[in-house]
2 protein chains.
Amino acid sequence: MGNRQAKNALFDGFAEVAKALGNGRRVELVDVLAQGERHVEELAGEIGQSVANTSHHLQVLAAAGLVTTRRDGNRIYYQLTSGDVEHLWTVLRSVASTHLDDLEQLAVDYLGNRSRLEEISRDELARRLEDGTLIVIDVRPEAEYAAGHIRGARSVPIDQLSNMLRGLPTDVEVVAYCRGPYCVFADDAVRLIRRRSRKARRLQDGYPEWRTAQHPTEANLLP
Amino acid sequence: MGNRQAKNALFDGFAEVAKALGNGRRVELVDVLAQGERHVEELAGEIGQSVANTSHHLQVLAAAGLVTTRRDGNRIYYQLTSGDVEHLWTVLRSVASTHLDDLEQLAVDYLGNRSRLEEISRDELARRLEDGTLIVIDVRPEAEYAAGHIRGARSVPIDQLSNMLRGLPTDVEVVAYCRGPYCVFADDAVRLIRRRSRKARRLQDGYPEWRTAQHPTEANLLP
DNA sequence: CTTCTCCTCAAGTAACTTCTTGAATAGATG
DNA sequence: CATCTATTCAAGAAGTTACTTGAGGAGAAG
């Protein structure tokens with residue numbers, strides 16, 4: 001057996017990256033950053049932590065090479081270093097959901113019962129986008145919509161949904177989407193819309209998966 | 001923002017899996033287990049740790065759903081829960097090597113200078129296997145060979161290589177492989193063989209990648 | 001230059017991790 | 001049944017991590 005010390009150091013190096021994802025708040029940060037770049041204060045709000053603590057977590061992610069920064073005026077914007085990082089997160093998510101016994105229960109506790117939420121696949125939505133026979137709403141925070149969204153979608157952050165529904169004909173079908181399979185905004189939106197006796201479905205997964213699947217997107221078009 | 005506590009718990013769940021890979025010794029265990037099942041004592045030897053400590057690390061991996069066990073007589077064999085886990089490890093490895101600045105140096109410290117080690121691609125090796133114009137040697141520990149190896153390869157653990165070379169014609173080309181891109185056995189083998197003025201190359205990556213690429217394998221055929 | 005804003009750093013505490021040692025246990029073997 | 005063996009558990013020392021609070025610093029704006 002070769003040089004044990006050097007071997008340990010190398011594998012500790014790989015573990016360094018895993019360790020960076022080894023904290024729920026940092027995983028949340030990666031999930032949010034997969035939607036597009038954000039500045040620290042916003043990120044702190046998203047993960048429900050102090051700015052100082054959020055900054056610290058971002059430093060840990062940066063030290064592992066998972067995020068980079070860009071300054072624009074007074075603000076510092078964080079972004080994922082590359083699509084690889086997003087890919088690592090989706091693989092981690094999928095392994096956890098397949099192999100970690102407790103995860104299903106945790107998901108139910110957070111998301112509630114999804115059995116009555118109908119989904120629409122990316123391919124079907126892509127087809128129906130052409131017809132114009134449905135309305136697509138992006139229920140993520142506005143900053144994420146601004147950073148990139150499904151082409152033709154309208155930004156309707158979840159707290160504005162009720163208002164928005166008032167101006168909508170009752171016979172039109174709505175598709176809601178948000179960050180990914182474990183994002184609760186779209187579920188809440190679909191439940192609310194269905195309670196108002198309209199037809200609503202949730203897009204399978206979320207925006208990053210739509211983008212990765214090379215379906216049409218656009219950015220910075222506020223409604 | 002929905003239920004912060006439930007959301008935290010869910011993302012802590014994902015982080016649980018990352019945390020399980022957040023230790024160099026556990027990553028080594030996964031790398032070894034990607035070769036095939038092994039029992040605790042062997043695993044302890046591979047990662048250079050006490051049996052008790054190795055057992056503890058295996059419990060951590062098991063709690064995250066990454067490994068399962070099987071009893072055979074007096075021994076307990078650990079294995080990766082599924083190919084997904086191996087996939088997660090390869091993605092982690094690739095992200096680390098691309099994005100973690102220090103990793104290159106750590107790899108050089110462990111593996112040495114690879115610039116003079118010629119590689120052979122999986123596809124080329126698969127083609128040349130048919131001709132019989134080269135010899136393929138598996139320089140991993142014998143237990144890993146027994147658990148599965150490239151079809152037609154011969155088990156030559158690295159400490160037996162010198163002996164084995166004596167009985168070999170000098171004009172035959174040798175291809176050596178081991179566990180993966182960061183495994184040092186095949187490098188050492190190629191260097192040693194070249195010092196003896198024979199032609200030798202290292203297979204790109206290692207056995208798990210060969211198997212994943214659906215090239216021919218076999219098991220339990222000791223030479 | 002001064003002030004303001006956004007972000008990072010430092011210090012401190014409580015809770016976890018890793019690894020060691022020695023004892024305990026479950027199951028196989030005789 | 002008793003014994004043996006491979007593995008796990010338990011307790012403790014040394015180090016690390018997460019989060020809080022308050023101070024510090026870099027750049028923008030006035």
Side-chain angles (χ1 to χ4, degrees), chain A residues 4-5 7-9 11-30 32-33 37-64 66-79 143, chain B residues 4-5 7-9 11-30 32-33 37-64 66-79 143:
Chain A
R4 165 62 42 199
Q5 261 191 329
K7 187 178 188 181
N8 280 3
F11 280 84
D12 286 350
F14 296 124
E16 206 55 44
V17 172
K19 222 180 273 187
L21 294 177
N23 174 282
R25 258 27 69 223
R26 288 198 291 270
V27 174
E28 280 189 68
L29 285 171
V30 170
V32 172
L33 289 172
E37 62 173 18
R38 305 290 289 276
H39 58 77
V40 181
E41 204 177 353
E42 282 178 325
L43 290 168
E46 293 294 346
I47 69 168
Q49 299 286 315
S50 70
V51 168
N53 196 22
T54 302
S55 172
H56 165 73
H57 281 311
L58 288 165
Q59 298 312 308
V60 175
L61 290 171
L66 301 183
V67 304
T68 56
T69 59
R70 162 179 94 76
R71 181 179 275 272
D72 177 26
N74 230 340
R75 305 209 111 111
I76 294 177
Y77 285 85
Y78 279 82
Q79 62 217 230
Chain B
R4 164 66 38 201
Q5 261 191 327
K7 185 176 189 182
N8 280 4
F11 281 85
D12 287 350
F14 297 124
E16 207 56 44
V17 172
K19 223 181 271 186
L21 293 177
N23 173 282
R25 256 28 69 223
R26 289 198 291 269
V27 175
E28 278 189 68
L29 285 172
V30 170
V32 172
L33 289 172
E37 61 171 19
R38 304 291 289 278
H39 57 78
V40 181
E41 202 177 356
E42 282 179 326
L43 290 168
E46 293 294 347
I47 69 166
Q49 300 286 314
S50 71
V51 169
N53 196 23
T54 303
S55 171
H56 165 74
H57 281 310
L58 287 165
Q59 298 313 309
V60 175
L61 289 171
L66 302 182
V67 304
T68 56
T69 59
R70 163 180 93 76
R71 180 178 278 271
D72 178 25
N74 230 339
R75 304 211 110 112
I76 292 177
Y77 285 84
Y78 278 82
Q79 61 216 231

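Values reported hereafter were calculated over all heavy atoms of this structure, with side chains retained and with hydrogens, waters and symmetry mates removed.
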Report task. Looking only at side-chain atoms of B:Ser55, point me to the closest of C:dC19, D:dT8, C:dC7. Result -> D:dT8
Query raised in the report: Are any of B:His57's side-chain N or O atoms less than 4.0 Å away from OP1 or OP2 of C:dC19?
Result: yes
Query - Distance test, side-chain N/O of A:Asn74 to OP1/OP2 of D:dA28, below 4.0 Å - result: no
Report task. Pick base, sugar-phosphate or nothing for B:Val40, based on heavy-atom distances below 4.0 Å to the nucleic acid. Result -> sugar-phosphate
Query raised in the report: When you check the side-chain N and O atoms of A:Arg26 and A:His57, is any donor under 3.5 Å from an acceptor?
Result: yes
Query raised in the report: Tell me: CD1 of A:Ile47 to C1' of D:dA18, nearest whole Å?
Result: 12 Å
Report task. Report the distance from atom CG of A:Asn53 to atom C1' of C:dT13, rounded to the nearest whole Å. Result -> 14 Å
Query raised in the report: For C:dT8, does either OP1 or OP2 sit under 4.0 Å from a side-chain N or O belonging to A:Tyr78?
Result: yes
Query raised in the report: Can you tell me if A:Arg25 and A:Asn53 form a side-chain donor-acceptor pair at under 3.5 Å?
Result: no
Query raised in the report: How many Å lie between CZ on A:Arg71 and P on D:dA28, as a whole number?
Result: 6 Å
Report task. Mark yes when over 12 heavy atoms from residues, nucleotides or ligands other than B:Gln5 sit less than 6.0 Å from its CD; otherwise mark no. Result -> no
Query raised in the report: Of all the nucleotides listed (D:dT20, C:dC6, C:dT20), which has the minimum atom distance to the side chain of B:Ser50?
Result: C:dT20
Query raised in the report: Residues in salt bridge (Lys or Arg N to Asp or Glu O under 4.0 Å) with B:Glu16, at least two apart?
Result: none
Query - Any residue meeting side-chain contact (heavy atoms from CB on, under 4.5 Å) with B:Ala44, in chain and number order, not counting sequence neighbours - result: B:Val51, B:Thr54
**Report entry** Residue-level proximity of residues 16-27 of chain B to DNA chain C when a heavy atom falls under 4.0 Å
**Finding:** B:Lys19, B:Asn23, B:Arg26
Query raised in the report: Over how many whole Å does the gap from B:Asp12 atom CG to C:dA15 atom C1' extend?
Result: 14 Å
Query raised in the report: A:Leu58 CG to D:dA18 P: how many Å, rounded?
Result: 13 Å
Query raised in the report: Rounded to whole angstrom units, what separation is found between the CZ atom of A:Arg75 and the P atom of C:dT8?
Result: 12 Å
Query raised in the report: What's the CG-P distance between A:Leu61 and C:dT8, to the nearest Å?
Result: 12 Å
Query raised in the report: In whole Å, what is the span from the NE2 atom of B:His56 to the P atom of C:dC16?
Result: 14 Å
Query - Steps toward side chain to side chain contact (heavy atoms under 4.5 Å, CB included) verdict (B:His39, B:Ile76) - result: CA-CA 6 Å; B:His39 57 78; B:Ile76 292 177; 6.0 Å; no
Requested in this report: Pick base, sugar-phosphate or nothing for A:Tyr77, based on heavy-atom distances below 4.0 Å to the nucleic acid.
Outcome: nothing
Query raised in the report: Rounded to the nearest 0.5 Å, what separation is found between the OG1 atom of B:Thr68 and the CG atom of B:Leu61?
Result: 11.5 Å
Query raised in the report: Picking from D:dT8, D:dG22, C:dC19, which would you name as closest to the side chain of A:Ala52?
Result: D:dG22
